[in-house]
Amino acid sequence: MSGKIWFVGAGPGDPDLITVKGRRLLEESGAILYAGSLVDQAATRYAPAGCEIRDSKDMTLDEMTGWLLDQAIRHATVVRLQTGDPGLYGALIEMTRPLTAAGIDWAVVPGVSSAMASVAAAGETLTLPEVTQTVILTRVAGRTPMPEGEDLEALACHHCTLCIYLSITLLHEVTRALRAAGWAEDAPILVVQKASWPGEEKIIRGTLADIKGKCQAEKVGSQAMIVASPTLGAAHWKDLARSKLYDPAFTHRFRRAIDHHANQDPENTHE
Ligand code: SAH
């Protein structure tokens, strides 16, 4: 009987931001294959004595699946540890298909993605009532081309929150696309490098006009999230529409409104 391979989201970097389930699996694992420098701390902190730990940095996809298959013959629990959430830019399906073909059991444990960690680090919000209720997680084309209809210029036309992964070296292309989509020169842009990393996190706040220069000055050229959003800076706005959820005149499942004529929004009962 071979073991099970778990694709675990390690979170954005701070080892405390892994899920309880992810940590338990690491503590039980016989072998861990981790993805690069951002997650080695979680791997080494929670792995049991004698656990086989391998960095996948220099491995091809075939070598990785080969290694995982080999370990699954020897251990009941094998972990593939990935940054953030495994389902975002994680080559998950490329790795799971050969496992399924080989009859090996596998499952995914989600993780805190770096977009969430970056926004949290800056004390910002992804959504704000009457400002934007939509978040797009995307990237610009690098070696991986963007599918039709998904170029940043088209997505930016929504003027919602954009969390842009894998694109810090292409910041010129990001700013070009936002301008082409009609974003103002003073539109706020947030860049966070190594979000949640103790002692290493850098938070750069700028505008469409100056964010590139600020990132250059701060030498932020890798491992960074770009957030463009009309919500940025809302903590300092004079006028702010209040969330209906906490409005005393708004009824939801767990609280009756003071004013019984108040509007009811059944969609909002779980927020
Ligand atoms: N699965 C990961 C993303 C992997 S792609 C996730 O859910 O976060 C790698 C990109 O993620 C980087 O180019 C960068 O844009 C972003 N990233 C990963 N960790 C980060 C961190 N701690 N701070 C800021 N951005 C990060």
Side-chain angles (χ1 to χ4, degrees), residues 6-19 21-22 32-43 45 55-57 59 61 64 79-96 107-124 126 135-146 150 152 155 161-175 177-178 189-206 211-212 214-216 218-229 232:
W6 294 86
F7 293 83
V8 174
D14 179 349
D16 280 352
L17 285 176
I18 194 168
T19 61
K21 182 164 184 168
I32 301 170
L33 182 64
Y34 71 88
S37 60
L38 280 175
V39 296
D40 60 348
Q41 293 214 7
R45 183 180 298 191
D55 187 351
S56 62
K57 188 169 66 215
M59 296 166 97
L61 216 53
M64 284 193 255
V79 171
R80 162 64 178 164
L81 193 62
Q82 302 192 232
T83 55
D85 181 81
L88 277 166
Y89 311 112
L92 180 66
I93 301 305
E94 293 94 315
M95 275 187 280
T96 60
V108 183
V109 179
V112 176
S113 186
S114 49
M116 283 69 202
S118 298
V119 168
E124 298 284 355
L126 291 162
V135 182
I136 294 177
L137 308 180
T138 188
R139 60 172 299 173
V140 294
R143 269 174 302 177
T144 309
M146 291 302 281
E150 293 187 22
L152 188 59
L155 299 176
T161 298
L162 302 165
C163 298
I164 308 165
Y165 292 69
L166 292 161
S167 302
I168 192 66
T169 57
L170 300 164
L171 196 50
H172 57 281
E173 173 51 24
V174 171
T175 52
L178 294 179
I189 311 284
L190 170 73
V191 170
V192 182
Q193 185 179 44
K194 290 194 165 183
S196 86
W197 272 92
E200 293 188 55
E201 179 180 273
K202 265 191 196 172
I203 299 173
I204 320 273
R205 294 174 196 273
I211 193 68
K212 193 157 169 282
K214 283 188 170 178
C215 286
Q216 273 164 352
E218 293 281 337
K219 299 193 170 49
V220 171
S222 65
Q223 294 173 334
M225 175 66 48
I226 307 164
V227 181
S229 174
L232 295 174

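Atoms within each ligand, like the ligands themselves, are counted from 1 in listed order.
For ligand 1, the atoms lying closer than 4.0 Å to a non-hydrogen atom of Leu88 are 1 (N), 2 (C), 3 (C), 4 (C), 7 (O). Those atoms of ligand 1 with a heavy atom of Tyr89 less than 4.0 angstrom away are 5 (S). Which parts of ligand 1 touch Val192 is read off a 4.0 Å heavy-atom cut-off, strictly below it: atoms 24 (C). Heavy-atom contacts of Ala195 reach the following atoms of ligand 1: 21 (C), 22 (N), 23 (N), 24 (C) (cutoff under 4.0 Å).
Only the backbone of Lys194 comes within 4.0 Å of ligand 1, counting heavy atoms alone; no side-chain atom from C-beta on gets that close. When heavy-atom distances to ligand 1 are checked against a 4.0 Å cut-off, Ser222 has no atom that comes that close, whether in backbone or side chain.
Checked by distance only, ligand 1 and Tyr165 stay at 3.5 Å or farther apart across all their nitrogen or oxygen atoms. At a 3.5 angstrom cut-off on N or O pairs, Leu166 counts as close to ligand 1. Residue Ala115 places no N or O, backbone or side chain, under 3.5 Å from any N or O of ligand 1. Annotation: Thr83 places an N or O atom under 3.5 Å from an N or O atom of ligand 1; distance criterion only. The shortest N/O to N/O separation between Pro12 and ligand 1 falls below 3.5 Å. Between Asp85 and ligand 1, at least one pair of N/O atoms sits closer than 3.5 Å. Where the criterion is an N or O separation shorter than 3.5 Å, residue side chain and backbone included, Ser113 meets it with respect to ligand 1. For ligand 1, the polar-atom distance check finds no N/O of Gly13 at less than 3.5 Å from any of the ligand's N/O atoms.
A donor-acceptor contact shorter than 3.5 Å is absent between the side chain of Ser56 and the backbone of Met59. Remark: the backbone N or O of Leu155 is not paired with any side-chain donor or acceptor of Glu150 at under 3.5 angstrom. Of the possible donor and acceptor atoms, none in the side chain of Arg80 sits under 3.5 Å from a partner among the backbone N and O of Leu92. Judged by distance alone, with hydrogens and angles left aside, the side-chain atoms of Glu200 form no donor-acceptor pair with the main-chain N or O of Lys194 at under 3.5 Å. Looking only at distances, a side-chain donor or acceptor of Ser167 sits under 3.5 Å from a matching main-chain atom of Val140. Checking side-chain atoms of Glu201 against main-chain N and O of Ser196 turns up a donor-acceptor pair under 3.5 Å. With hydrogens and angles ignored, the 3.5 Å screen pairs no side-chain donor or acceptor of Ser118 with any backbone N or O of Ala195.
Heavy-atom distances between Gln223 and ligand 1 reach below 4.0 Å in at least one pair. Using a 4.0 Å cutoff on heavy atoms, Ser196 does not count as a contact of ligand 1.
With no hydrogens or angles considered, a side-chain donor-acceptor pair links Ser113 and Tyr165 at under 3.5 Å.
The shortest heavy-atom contact between Ala115 and Met225 is N-CE, 3.8 Å.
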Check against side-chain contact (heavy atoms from CB on, under 4.5 Å), Val191 and Glu218: CA-CA 11 Å; Val191 170; Glu218 293 281 337; over 6 Å; no
